[in-house]
Amino acid sequence: MWLALGAVVMVFAAFTSAYVVRKGMSLDWQAIRLPSILWLNTAVLLASSATIEKARRERQSCESWLAATSVLGAAFLAGQYVAWQQLRAAGVFLASNPSSSFFYLLTGAHGVHLLGGVLALFYVAGRAWRGAEWPNRQAAVEATALYWHFMDGLWIYLFFLLQVGGK
Amino acid sequence: MAELAPAHAAHAHAAPTGFIRKYIFSLDHKVIGLQYYFLALVAVFVGMALSLLMRWHLVWPQSHMGWLEKLFPAGAAGGVMTPELYLSLMTMHGTIMVFFVLTTAPQSGFGNYILPIQIGAEDMAFPTLNMLSFWVTFVGFVVLIAAFFVTGGAPLSGWTAYPPMSALPEAGPGEGAGQTLWIVSLALFSAASLLGALNFITTTLDLRARGLSLMRMPLTCWTWFVTAILGLLAFAVLLAAGVLLLMDRIAGTSFFVPAGLVVSDRVINHSGGSPLLWQHLFWFFGHPEVYIAILPGMGVVSQVISTFSRKPIFGYRAMVFAILAIGALGFGVWGHHMFISGMSPYSAMAFSVLTMSIGVPSAIKTFNWIGTLWGGKIRFTTPMMFAIGFVSVFVTGGLSGMFLGQPPVDLFFHDTYFVVAHFHMIMGVASIFGIFAATYYWFPKMFGRMMNDPLGKLHFWITFIGVYAVFGPMHYLGLIGHPRRYAEITGVNYLAQSHPLHLFMTIAALITVGAQLIFLFNLFWSMFKGKKAEMNPWEATTLEWTVPSPPPHDNFAGAHPVVYRGPYEYSVPGAPKDYIMQNDPEPAKAAH
Ligand code: HEM
Ligand SMILES: [Cu+2]
């Protein structure tokens, strides 16, 4: 799992360096106003990290916490989608400006990765919910939680980058 | 998640019986390794065919080939190759060779087949992921080949796909659907390589037999391991770069496309992107990629030279150190591909110094190979010939690299045939020799039969002389300033004199490629008709030679091998035979 995260780090490191270079050398960079719903989304994602941590510690009866995390994760994705819609309504599209290109790119790439996490959660939560016990159940929960925390941290980092760097 | 399935439970899978589960969607690392190998075999023949077409065109640009028109109606209208078709053949040749041959056979092919057995494991850590990697790679290959047959044909932008050309569909015939397919293919390839790398690293770290410490691992395992780490870091960056390029093409973004470009008399509607940014991202991947291609070959050569010199590898620790150093330094030198792209003299200096410093571990390896050969009781088998040939072309290519690594010299050589000569020697031919050495060496293990030795020697000598005849003169062409990526030399006065040399190289290429048919024949003939191989025909020491040829479904038939010693104990004084197996507990007292 750590190795997989290493690969994800490299992907986003490459995006970040592209971001820094592209911004540093360009004359056409225009800051975009980030939709304020992003703050709400951030809060939702932080909450989901708390719930999955709870699930991890509970061990036996973790299914409701897992379910809560899946719901929060799905809510975050929906929130991100709303943010995209708001930007488009404001006339800011993917190709409008490098800053908007990066916004869609980074949120999109993060979203895809998080979607993977949500699917994993659905799977683990679903099995746990049906009361299944399987030998690697705790390992599965642990790995999903690790991935989830990582995605949370990644989002905080990206949000910061977009907030501060996008200016 | 798939990768959670812990190694041991995953191994419980019983030997499959149906044809599909056994040979197509197999979970067995040995079958998957062979699948990779045969994919690379198909790819290398496609790639060679393309190179012959190029060589032919360079010498006889006007020759009329009706069948070529059938294959490429637009690129060879009237049967004569257009310059655009030449460029697309070149792009596809480079891409196929680098990715689907040199990255596929040494690492994914032999690594998959041999690594688990050499470390005493029953399979890779994540068999399902392994199967997935292969099939994604396979689809990537199909997508790449499909680029030939879409409107406009295959892309023209070379295996390096520099924007703006690669980012603009209007930039040329192959830059439409063809280039898009190229990017998709490489994205698939990258994703598959990432999964593969995860699998290799985990397997090496977690599944080693009892007693097999890292410093007792065969050097082959070290190179597969370090190659996987390079792959994990490098392919992630290529994937990211590919996503950006694809967005420039289909979503109208301007990551790489600068403002104000005029293509076909139309101003392009992009602004402010940086073509240099692509070069940085691409070469941050691209340089480690050449080590991904060559490192496994180095491992095989060490293994083969030690076995057939009947001597321990000279300086095992130094070899491990050199592998690690090459891997680490490989990430700090990408700028040497961009000396003339515009960079500050200070960065050029830094990149140059780092590049030269890779010469140190490379020289260590070379000296250690020679030190191993020195005074050995050498057995000149076919794998040994190819291993020694590897050292030869590696030194040749390394020397020309020392020229290219210096910015002032590279200013002249860049984009000339000197570069083509350099990378064919060190990356192309050296890695291919590694693949040949590995094939001749492990064939008995994989198919339970020996390959024909006289035919192998014949194949070696024609190939060895052939590659020097094809690529040697290219150094000279570079010296006289012959640009690369030119479809024809007609009409360029100072190049006209090089025509006889081109003719010579083309004839040499025809013969060299022809000699590969000997190999192909030997491979398939020996598979069915070769002499039966015993368990350990080469009298080698590593664990793959302790199991039957070919090994059973779970390699060790349920047993768990224990390792007592390092991998290269040949000619140990006082031992009953001139080699001691890694799983042999008490050599001195062993009665038989
Ligand atoms: C049968 C042996 C081979 C022959 C005759 C051959 C010939 C050629 C020729 C004529 C070119 C075009 C040079 C130019 O116009 O600039 C070329 C390019 C290239 N070849 Fe080969 N080649 C062979 C094997 C290989 C192998 C084994 C590799 C594996 C690394 C390889 C990798 C490349 C690459 C990367 C390019 C550059 C493509 C580009 O410029 O984008 N070739 N080769
Ligand atoms: Cu390089």
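Sequence lines set the chain letters: A, B, ... in the order given, protein chains first and strands last, and positions in each chain run from 1.
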> Highest number of heavy-atom pairs under 4.5 Å with chain A: which of B:Leu281, B:Leu233, B:Leu194?
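Most heavy-atom pairs within the cutoff with chain A belong to B:Leu233.
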
> Can you measure from CZ (A:Phe15) to CG (B:Leu244) and round to the nearest 0.5 angstrom?
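CG of B:Leu244 is found 5.0 Å from CZ of A:Phe15.
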
> When only pairs under 4.5 Å are counted, which of A:Ser100, A:Ala18, A:Ser96, A:Gly6 shares the most heavy-atom pairs with chain B?
A:Ala18

> How close do A:Ala95 and B:Gly252 get, counting heavy atoms only, and between which atoms?
CB-O, 3.1 Å

> Rounded to the nearest 0.5 Å, what separates atom CG in A:Leu3 from atom OG1 in B:Thr202?
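Answer for the CG-OG1 pair, A:Leu3 versus B:Thr202, is 5.0 Å.
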
> So does A:Asp28 have more than 12 non-hydrogen atoms from other groups sitting under 6.0 Å from CG?
yes

> Would one find more than 12 heavy atoms of other residues, nucleotides or ligands at under 6.0 Å from atom NZ of A:Lys23?
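It does: A:Lys23 NZ has more than 12 such atoms within range.
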
> What heavy-atom pair brings B:Ala240 and A:Ala14 nearest, and what distance separates the two atoms?
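The answer is CB-CB, 3.7 Å.
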
> Check whether B:Phe284 gets within reach of chain A through its side chain, its backbone, both or neither, counting any heavy atom under 4.5 Å.
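Answer is side chain: those atoms of B:Phe284 sit under 4.5 Å from chain A.
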
> Are any of the side-chain heavy atoms of B:Thr253 and A:Tyr104 separated by less than 4.5 Å?
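The answer is no; the side chains never approach within 4.5 Å.
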
> Is atom CH2 of B:Trp283 surrounded by more than 12 heavy atoms (other residues, nucleotides or ligands) closer than 6.0 Å?
yes

> What part of A:Val21 is in contact with chain B, defined as an atom under 4.5 angstrom from a non-hydrogen atom: side chain, backbone, both or neither?
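Only the side chain of A:Val21 comes within 4.5 Å of chain B.
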
> Supply the atom-to-atom distance A:Met10 CE to B:Phe285 CZ, rounded to the nearest 0.5 angstrom.
12.0 Å

